Enquirer: 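First the structure, which I've put down as C-alpha cells, then a few questions once you've had a look.
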There are 2 protein chains.
Amino acid sequence: MHPDYEPITGRPAEIALAARRLIAERGFEGLRTRDIAARVGINVATLHYHVPSKEALIELVARSLRDDFVAQNVTRPRKHLPALDQLRLEFLDFRETLVETPEIFIVMTELTERARRDEKVKAVVGPMLAFAHGELARILALGSEEGTFRADLDPEAGALMIFGTMVATQRSPRRGPELFDRACAELLRSVQAQPPESGLAT
Amino acid sequence: MHPDYEPITGRPAEIALAARRLIAERGFEGLRTRDIAARVGINVATLHYHVPSKEALIELVARSLRDDFVAQNVTRPRKHLPALDQLRLEFLDFRETLVETPEIFIVMTELTERARRDEKVKAVVGPMLAFAHGELARILALGSEEGTFRADLDPEAGALMIFGTMVATQRSPRRGPELFDRACAELLRSVQAQPPESGLAT
DNA sequence: CGACCTCAATCAAATGATTGATGGAGCGTC
DNA sequence: GACGCTCCATCAATCATTTGATTGAGGTCG
C-alpha cells in the first residue's frame, strides 16, 4: 500500500544523507547529482541506479527526514505528564536536535518551501508539520484544562506561536542556544496562567 | 559611499519585479534569466546589459524588496501612541501586505534562506530583519514600562516570538487571514498584563 | 547462471553569458 | 536642415559549460 513507509537503508540512506548535507550547505539551488555521488564515493550512474531521477532523490530526502522525525517521536511515554512538563520536554527535544543536528532544520525549511510547488514533497512534509503542530495544540489544550495554562489560550494559534518562535530562533542572525532558551522562557510565561496573587508589586 | 541606496527605477525595476514574481512561483531553484527577460519582454542580452550577472540580479531583487520595505516604514508617525496600539498597527501592516502582495513574503523567505550562503544578500536582508525585530522589541519594552504589557516580558525574545508567529501563519498549510487574526489575538493575550481582578471565574 | 551493483564514457538539453550589429535620440558643425 | 558623431538600449545568433540522465560493459557473490 505504502511502500515508502519502510525506513531507508543501505546505499539510498547514504545518498539521502549526503544529499541532506549538500542541501544544508547550498540549498536546492546548488544541489547537483554529481556532487552527491562524489560525496558518497560512487559514480553518478550508480546513484541513478538507486534513485531514478532528481525528483525522486528529493522525495527520498524528504522521506529520510521523516524517518528521523518518526524515530524521535516514538519513544515518548509522556502523555500522562502535566502539560507544563510535556511542553518543557518538547522544548528540550527541539533544543537537542538544534545543537546536535542543526542541518535537519535547514533541510526541513528548504523542504517546507519546496512543498509549496512540489506535491510529492508536500505529501511527506505536510503530515510531519501537522503532527508537530497537533502535538503542541494538544499539550496547550491539556494545560488549559489543568488550569496550568491560561483559560483563554487558543490551542491552534498557540501551537502556531510556539512552532513559529522555535523556527524563528533558528533563522535569527543571533541564533544560538542562549537565544533559544530565552525564547522558550518567554513562551512559557506567555501560555502559563498567572499565579492568583503572588505578592503585590507597585 | 552607498550607491545602492538609490531606489531602483526603469528597466532594472521591471526586471526586479519580474524576477520577484518568478522567484515566488518557482523559487531560486527555478529562476532562469531567459524567463525573466521573456516576462519583461526583452532579449536576454538586454537583461545582461542592465544586470551583469545572475548574482547581481539576485542582489537587485533584494534591494528592490528593501525599497518596498523602506517605503512602508517611512510614513509612520506612531511612536507617540500607546504600545498596544502600536502593536496592533504592526499587525495591520503585516496583514495588509499579506493579503495585497503575498509574493513579498515568499520572496523574503527565499532571500532569508539564501542570505545564509550569500554575503551580498545578507548585507541587504540582514538590516531589514534587524529593523523589524528592533521595532517590535521597542514596542514591547514600551508596553512593559506603561504597564500595559507584562512586566516580566523579555522584549528581544518577545519580538522573536511575534515575528516568528507572523511568518509561521504564512507557512502554515491552513494559512489565510482568519488564522492570522487568531494568531494576532493570541499574541496580544500573551504579551498583555492581566487585568488585576476582572471577576472571579470558577 | 543470474541478481545485484558499479563504472567510464557519452548524450542531449538547458543555461549563463557574449558577440557583433542595428536603430534612434541628442548634439554640435557646416 | 543636413551631416557626422557618440551614447544608450536593444536584439538575433552563438558559445562554452553545466547538468540530469543513459548506455554498455563489467564485476561479485550465492
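Because the structure is predicted, anything quoted here is derived from the model rather than measured.
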Enquirer: When you measure from every atom of DNA chain D, which of residues 115-123 of chain A have a heavy atom less than 4.0 Å away?
Expert: none

Enquirer: In whole Å, what is the span from the CD atom of A:E29 to the C1' atom of C:dT15?
Expert: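 In whole Å, C:dT15 C1' and A:E29 CD are 14 Å from each other.
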
Enquirer: Is the B:F163-B:F94 ring centre distance short of 6.0 angstrom?
Expert: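 No, the ring of B:F163 stays outside the 6.0 Å limit from the ring of B:F94, centre to centre.
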
Enquirer: Work out which heavy atom in A:E146 is nearest to a heavy atom in A:P82; give both atom names and the distance.
Expert: OE2-CA, 3.4 Å

Enquirer: To the nearest 0.5 angstrom, please state how far the CG atom of A:L65 sits from the CD1 atom of A:I23.
Expert: 9.0 Å

Enquirer: Using atom CD of A:E14 as one end and atom C1' of C:dT6 as the other, report the distance to the nearest whole Å.
Expert: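 After rounding, the gap between these two atoms is 13 Å.
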
Enquirer: Check the pair B:R171, A:T112 against side-chain hydrogen bond (donor to acceptor under 3.5 Å, both in side chains), reporting the backbone distance first and the verdict last.
Expert: CA-CA 8 Å; B:R171 197 167 334 220; A:T112 308; 5.4 Å; no

Enquirer: With a 3.5 Å cut-off and no angle check, do the side chains of B:S190 and A:R150 form a donor-acceptor pair?
Expert: yes

Enquirer: Could you tell me which non-hydrogen atom of B:P102 sits nearest to which non-hydrogen atom of B:V99, and how far apart they are?
Expert: CD-O, 3.9 Å

Enquirer: Apply side-chain contact (heavy atoms from CB on, under 4.5 Å) to residues B:R117 and A:E29 and explain how you reach the verdict.
Expert: CA-CA 11 Å; B:R117 326 165 211 117; A:E29 198 189 340; 3.8 Å; yes

Enquirer: State, to 0.1 Å, how close B:L47 and B:A37 come at their nearest heavy-atom pair, and which atoms those are.
Expert: CD1-N, 3.7 Å

Enquirer: Please report the distance, rounded to the nearest Å, between CD1 in B:I42 and C1' in D:dA9.
Expert: 10 Å

Enquirer: Report yes or no: do B:Q72 and B:T97 form a side-chain donor-acceptor pair below 3.5 Å?
Expert: yes

Enquirer: Could you give the CD1-to-P distance, from A:I15 to C:dT6, as a whole number of Å?
Expert: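 Rounded to the whole Å, the gap is 8 Å.
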
Enquirer: Give me the atom names and distance for the closest heavy-atom approach of A:L136 to A:E90.
Expert: CD2-CG, 4.3 Å

Enquirer: Within less than 4.0 Å of OP1 or OP2 of C:dC4, is there a side-chain N or O belonging to A:H50?
Expert: no

Enquirer: For A:L153 versus A:P155, what's the shortest heavy-atom pair and its separation?
Expert: O-CD, 3.3 Å

Enquirer: For D:dT10 and B:Y49 - does any side-chain N or O of the residue sit under 4.0 Å from the phosphate oxygens OP1/OP2?
Expert: no

Enquirer: Which ones in residues 17-25 of chain A lie close to DNA chain C, meaning a heavy atom under 4.0 Å from one of its atoms?
Expert: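 Going residue by residue through residues 17-25 of chain A, none turns out to have a heavy atom under 4.0 Å of DNA chain C.
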
Enquirer: Any chance you could list the contact pattern along nucleotides 18-30 of chain D? Use B for base contacts, S for sugar-phosphate-only contacts and - for none, protein heavy atoms under 4.0 Å, 5' to 3'.
Expert: -BBBBB-------

Enquirer: Please check the phosphate of D:dA9 (OP1 and OP2 only) for any side-chain N or O of B:T46 closer than 4.0 Å.
Expert: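 No, because none of the side-chain N or O atoms of B:T46 sits under 4.0 Å from OP1 or OP2 of D:dA9.
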
